[in-house]
Number of protein chains: 2
Amino acid sequence: MAVHDVKPRPVVSKKDALVREMLERVADKWTLLVIDALEGKRDVRFSRLREAVGDVSQKMLTKTLRQLERDGLISRRVHAEVPPRVEYTLTPLGDSLGAAVCGMWKWVDAHVEDVERSRRKYDAPAQR
Amino acid sequence: MAVHDVKPRPVVSKKDALVREMLERVADKWTLLVIDALEGKRDVRFSRLREAVGDVSQKMLTKTLRQLERDGLISRRVHAEVPPRVEYTLTPLGDSLGAAVCGMWKWVDAHVEDVERSRRKYDAPAQR
DNA sequence: CAGCATCCGACATGATACTG
DNA sequence: CAGTATCATGTCGGATGCTG
């Protein structure tokens, strides 16, 4: 064994790392929008998805979809046709993640005002 | 009126933007760890916080704390002493956010295995 | 002690061009 | 149509040095 074993810091724990990783995932620019666009639907084509999500670049959409697929949150089905057709569907796991995110959504929904008021106050040009 | 009104894209909505923003916030490298470190405690000093969080740089910890303060999630109290003392405490709002994040936490807790299995499968060197 | 200013490299994102 | 490859750019985060 070599230098690899020297762990200068606890790194919290493996699971903690995954929690943060998943949080990062759902928080990144497109993931949530993609999940949202897939929720309740089946076999959505790449181009439809791109329209639904908004102005996502093709590159970023592809990347996002690959990550979601790797994590088992969506399924990707390629049809061997001559204009290629690829369809995406949320897996049950992905569906459940969508539900979990709902908690955050509700929190924001309930507290937008609080946050915005606090920000205005904080940003206020130091009066007097 | 003027050019301001030309919205080239729906941008989902103002609230949606805030939802993503809050998600980004809790997902960034340190926020969650800071909230975690503050949960259930009161008046935690900067240096204690830094120890608790781990190997966060002073710059990033400061930045994180400022954001949280601006959003009204933590309170910052400066004591006019000669070795400066600054103490941070979660506000009720911050506390409630911590609770909301729990949903995500639980989801990950419940599905780490699923995700990791999926990844192993995805990453598996195309057998055969 | 707590925080700010600066420099710098790593990475994420976007635009563009090309392909099965 | 649904990608992949390449290049340009912007931002993030870390390291360092200075200060009230």
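Remember, predicted model here, so these are calculated numbers, not experimental data. Below, read A as the first sequence line, B as the second, and so on, with proteins coming before strands; counting in each chain starts at 1.
In this structure, the CG atom of Leu61(B) is 14 Å from the P atom of dC1(C), given to the nearest Å. Straight-line distance from the CZ atom of Arg50(A) to the P atom of dG3(D): 11 Å, rounded to whole Å. Gln67(A) has its CD atom 16 Å from the C1' atom of dG3(D), to the nearest Å.
Dense packing is recorded around CZ of Arg76(A), with more than 12 heavy atoms of other residues, nucleotides or ligands lying under 6.0 Å away.
Using a 4.0 Å cut-off between charged nitrogen and carboxylate oxygen, Lys41(B) and Glu39(B) do not count as a salt-bridge pair.
A donor-acceptor distance shorter than 3.5 angstrom exists from the side chain of Thr31(B) to the backbone of Arg25(B), with no hydrogens or angles considered. Between the Thr89(B) side chain and the Asp43(B) main chain, a donor and an acceptor come within less than 3.5 Å of each other.
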At under 4.0 Å between heavy atoms, how does the protein contact nucleotides 2-16 of chain C? Give one character per nucleotide, 5' to 3', with B, S or -. SBB-B------BBB-

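Identified under the ring-ring contact (aromatic ring centres under 6.0 Å, His included) test for residues 87-109 of chain A, with sequence neighbours left out: Trp107(A)-His111(A).
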